[in-house]
Engineer: 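Below is one structure. I have some questions about it.
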Amino acid sequence: ILLAHTRGIPCYYKVFSMNQDSLDIRIPKENFPTGIAQLTLFNGRGLPAAERLVFINHHDTLKFGLSRITDSTTVNGHEKLQVIITDSRGNPVKGNFSASAVVVPEAGPLPESNMQNYLWLTSDLRGPVDDPQYYFSSMDASREEALDLLMMTNGWRRFDWNSLMAGKFPKISNPEVKGISIGGKITRNFFQIPVRQARVYLTILNAYNDYYSTRTDENGNFSFNSLDYADTLNVVLEATKPNGKHNVVINIDETATPATQVRNGETFDQLVLSRGEDWKFGKVKRRDFSQRDLERKKKLEKYSAFRLHSESDNVLFMDDIPDGYSDLSQVIQGRVPGVTVTGNSVQIRGVHSMFGSNDPLFLVDGAIADFETFKTINPKDVEFIEFLKGSNTAIYGIRGSNGVIAVYTKRGDFMKRGFFDFQMLAYYTPRKFYSPYITGQADESAQNSGNVTLAWNPRLIPDRSGKTIFSVFNAGGKVYRIVIEGLSDDGKPGTYTEIIHP
């Protein structure tokens, strides 16, 4: 079995019988793109027997032309250069390129590495390659022979065939990114039971209110992929069961969702004890303690829809807590009898589990959460926290056997059923890259020093005829080097270097 591939894409495959000592097989080069091809010979049992790297060159590199539109070499000033980019047949090329102009002493050394020799040569070879551009500067017989020797001396194999035959594939550490992804899981209210075929709606609250929809898989997972947005976005996720009811919980997968901005809720006025006229600060509002019990009773009634239990053992109201805490684990430490916080766990004394874990059941606005979610909630967003143990936890079954800690946010929709809104950091909107604008009298270093950047354009886009303009400060008649690199729309690399003399 003979298999040949370039950069992991199979380009030739043939099964044949070795009935004689030798066999000639001709492989058409047209099957391969320009670059390194790996040929592997397997025996009848699928085990690799021999391997060889060869370089295929169709001489299809991009062509560049450079000409002056304005000539200002006699005095310091800017001149415009017209760049023409075509394919190997002379047809105009569309693509994305960058261009730089740097003052060089005399002719200056040419850069050894560039986009073309990297994509076609050095990226496929693990060993170092001295002066890779040597193999592309011209293609005479001696350079082709040297290139073939390079293929034979770099004894590196892209794949471990024995592992592949055994079904052990290499792990992809950097998967292909095709835009922003938002994903997660839809579950029932309690016990994290996944809801399959749930309808999930995504709304991007921008000028157009873009709207997307999908359904969950057998495990309740959903995802929206290939989203392309910039800056900070207001995002709304809604979900319903197949029957249209909203009594589901949306769990966001942080690995599939870009970082979000935390929204701080309304901050209550600081509670100040009555100590006479000296405590009348301008920004502090006194609170009438005779009304406190009534207010707190109303708060408990307000959140009754978020709980299955009727009574709790302890309630911690956040208006009793001073400012300065960054997470809820710090808030509850030492304030609730029998509740101990150690590292990344919380234990409620007097209850224990027969199943190995002593972690209590965490609820946020009635939905099941974990300790990490509990810690990340901003204390300023919380109204009060309930603590349950003993018989009060019975309604939650085995999950509540270690006690229950129920958090209620001020808005009451931290994990609102069937609805979730948040702010998402999308792609950064790039500012225009700085390109030096030098005047004749402002910067003598441009005239007297080497390796001074005169111009830089990171996005040089040719028009339909393959033409574009690059503006350069001429550095008072100094010699400078133009370097243009980029890719055509069909993925072909191109590199161009020219020394510009006064």
Side-chain angles (χ1 to χ4, degrees), residues 33-36 55-73 77-124 129 131-140 143-144 147 432-433 435-436 451-475 477-502:
T34 296
I36 295 177
F55 190 86
I56 307 295
N57 195 343
H58 294 298
H59 303 282
D60 54 351
T61 183
L62 303 181
K63 307 297 183 182
F64 294 81
L66 192 68
S67 60
R68 282 184 170 127
I69 296 179
T70 58
D71 187 359
S72 56
T73 56
H78 285 76
E79 59 179 335
K80 292 184 178 180
L81 303 175
Q82 179 176 268
V83 182
I84 302 177
I85 307 173
T86 62
D87 61 16
S88 58
R89 299 180 179 179
N91 300 315
V93 166
K94 294 184 64 177
N96 200 329
F97 301 85
S98 65
S100 65
V102 179
V103 173
V104 291
E106 300 303 330
L110 295 177
E112 293 184 358
S113 180
N114 55 50
M115 183 177 292
Q116 176 183 310
N117 61 47
Y118 174 79
L119 293 176
W120 281 354
L121 184 65
T122 57
S123 62
D124 271 347
V129 179
D131 192 11
Q133 189 58 26
Y134 164 81
Y135 301 98
F136 298 97
S137 56
S138 65
M139 292 307 296
D140 51 45
R143 293 176 194 259
E144 290 186 359
L147 185 56
K432 185 177 180 181
F433 194 93
S435 182
N451 298 325
V452 174
T453 300
L454 302 178
W456 161 244
N457 188 339
R459 196 166 184 266
L460 202 65
I461 308 297
D463 59 19
R464 293 182 178 180
S465 62
K467 298 178 181 179
T468 185
I469 302 298
F470 182 41
S471 180
V472 181
F473 174 75
N474 67 13
K478 294 291 183 178
V479 177
Y480 62 92
R481 180 176 61 230
I482 297 287
V483 177
I484 304 174
E485 291 189 290
L487 292 172
S488 63
D489 284 353
D490 60 355
K492 287 186 173 58
T495 297
Y496 176 79
T497 302
E498 181 173 338
I499 301 296
I500 305 295
H501 296 274

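Hydrogens, waters and symmetry mates play no part in the numbers below; they use all other heavy atoms, side chains included. We count residues from 1, following the sequence as given.
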Engineer: May I ask you to decide whether D87 forms a salt bridge with R89, counting only side-chain N to carboxylate O separations under 4.0 Å?
Structural biologist: no
Engineer: Please say whether more than 12 non-hydrogen atoms of neighbouring residues, nucleotides or ligands are located less than 6.0 Å from CZ in F136.
Structural biologist: yes
Engineer: Kindly give the heavy-atom pair with the smallest separation between F470 and A455, and that separation in Å.
Structural biologist: CZ-CB, 3.7 Å
Engineer: Indicate whether any N or O donor in one side chain lies under 3.5 Å from an N or O acceptor in the other, for D60 and T34.
Structural biologist: yes
Engineer: Are side-chain heavy atoms of I85 and K63 found at a separation under 4.5 Å?
Structural biologist: no
Engineer: Checking T61 against Q116: is there a side-chain donor and acceptor pair closer than 3.5 Å?
Structural biologist: yes
Engineer: Is L81 close to V472 at the side-chain level, that is, under 4.5 Å between some pair of heavy atoms?
Structural biologist: yes
Engineer: Taking all atoms of both residues into account, what is the closest heavy-atom pair of I56 and P33, and its distance?
Structural biologist: CB-O, 3.9 Å
Engineer: Of the non-hydrogen atoms in G486 and M115, which two are nearest, and what is the gap between them?
Structural biologist: O-SD, 3.5 Å
Engineer: Search all heavy atoms of I500 against all heavy atoms of R68 and return the closest pair with its distance.
Structural biologist: CG2-NH2, 3.0 Å
Engineer: How close do T468 and I461 get, counting heavy atoms only, and between which atoms?
Structural biologist: OG1-O, 3.5 Å
Engineer: Side chains of L147 and L121: does their closest heavy-atom pair fall under 4.5 Å?
Structural biologist: yes
Engineer: Please test V83 against I469 for side chain to side chain contact (heavy atoms under 4.5 Å, CB included), starting from the C-alpha separation and ending with a verdict.
Structural biologist: CA-CA 6 Å; V83 182; I469 302 298; over 6 Å; no
Engineer: What closest approach, in Å, do F97 and I484 show between heavy atoms, and which atom pair accounts for it?
Structural biologist: CB-CG2, 4.3 Å
Engineer: Starting at CD of Q133, measure out to CG of N117 and round the result to the nearest 0.5 Å.
Structural biologist: 5.0 Å
Engineer: Measuring from atom CZ of R459 to atom OG of S98, what distance do you get when rounded to the nearest 0.5 angstrom?
Structural biologist: 12.0 Å
